[in-house]
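First the proteins, then the strands, lettered A, B, ... as listed; each starts at 1.
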Amino acid sequence: KAGVTQTPRYLIKTRGQQVTLSCSPISGHRSVSWYQQTPGQGLQFLFEYFSETQRNKGNFPGRFSGRQFSNSRSEMNVSTLELGDSALYLCASSLGGPISTDTQYFGPGTRLTVL
Amino acid sequence: AQTVTQSQPEMSVQEAETVTLSCTYDTSESNYYLFWYKQPPSRQMILVIRQEAYKQQNATENRFSVNFQKAAKSFSLKISDSQLGDTAMYFCAFISNFGNEKLTFGTGTRLTIIP
């Protein structure tokens, strides 16, 4: 079974631009979570989608948004990029469900650099 | 709010030796799951082992085992017969059993296996 895939793997943007990252979960997985990883803040939860609905949200500004499609693929968008948005963005998928703590499996990440 | 603490930023051990990574957590919930994830230099986050809090038996996966002390809120990872491929960042993570897919991570322990 193919793992979680993320595209693109690397991105370079300038301040003020916007960016869209994509995540394809493991086949059959319905929950997709997004995390930001930086040297200073570590791993922080952004949001989680299940059945095309945002089910959980972390403490990030509204510039960070996401969505999930009917095939469970997910995208996250960051608008008006700031230097501090430079990070590794990780996507994780799990089986999901109404009450679920299934194991999350991570993709390779997208390295975003904001200049 | 849940917190996860890893007090050992860096560790190193000779190949074939045994090493233990420490993790403590704080929660008021009684039902939850704990994980150890490994992130090698390639950056792909890989699940090492998972422990359900309601299970008293410590989880094991080949050379990896945990010492789960629920009363002490401690969850250490033991790696036996360490191999060069074990060199990585190791993250302890917590998730509650309330339909919440948000993983809370510790700050990580950088483990180096010395040939």
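Comment: A/Glu48 engages A/Arg55 in a salt bridge, judged by a side-chain N to carboxylate O separation of less than 4.0 angstrom. Taking 4.0 Å as the cut-off between side-chain N and carboxylate O, B/Asp86 and B/Arg63 count as a salt-bridged pair.
The ring-ring contact (aromatic ring centres under 6.0 Å, His included) analysis of residues 6-27 of chain B, with sequence neighbours excluded, yields the pairs B/Tyr25-B/Tyr32. Listed by first and then second residue, the ring-ring contact (aromatic ring centres under 6.0 Å, His included) pairs involving residues 64-92 of chain A are A/Phe60-A/Phe64 (not counting sequence neighbours).
Neither the backbone nor the side chain of A/Gln44 has a heavy atom closer than 4.5 Å to any heavy atom of chain B. With a 4.5 Å cut-off on non-hydrogen atoms, B/Gln39 touches chain A through its side chain but not through its backbone.
Grouped by direct or indirect side-chain proximity (heavy atoms under 4.5 Å, Ile/Leu/Val/Met/Phe/Trp/Tyr only), B/Ile114 sits alone.
Residues of residues 106-115 of chain A that come within less than 4.5 angstrom of chain B, heavy atom to heavy atom, are A/Phe106, A/Gly107, A/Pro108, A/Arg111 in numerical order.
Linking Ile, Leu, Val, Met, Phe, Trp and Tyr residues whenever their side-chain heavy atoms come within less than 4.5 Å leaves A/Trp34 and A/Phe45 in two separate clusters. Follow the hydrophobic side-chain contacts under 4.5 Å out from B/Phe91 and you never reach A/Leu46; the two are in separate clusters.
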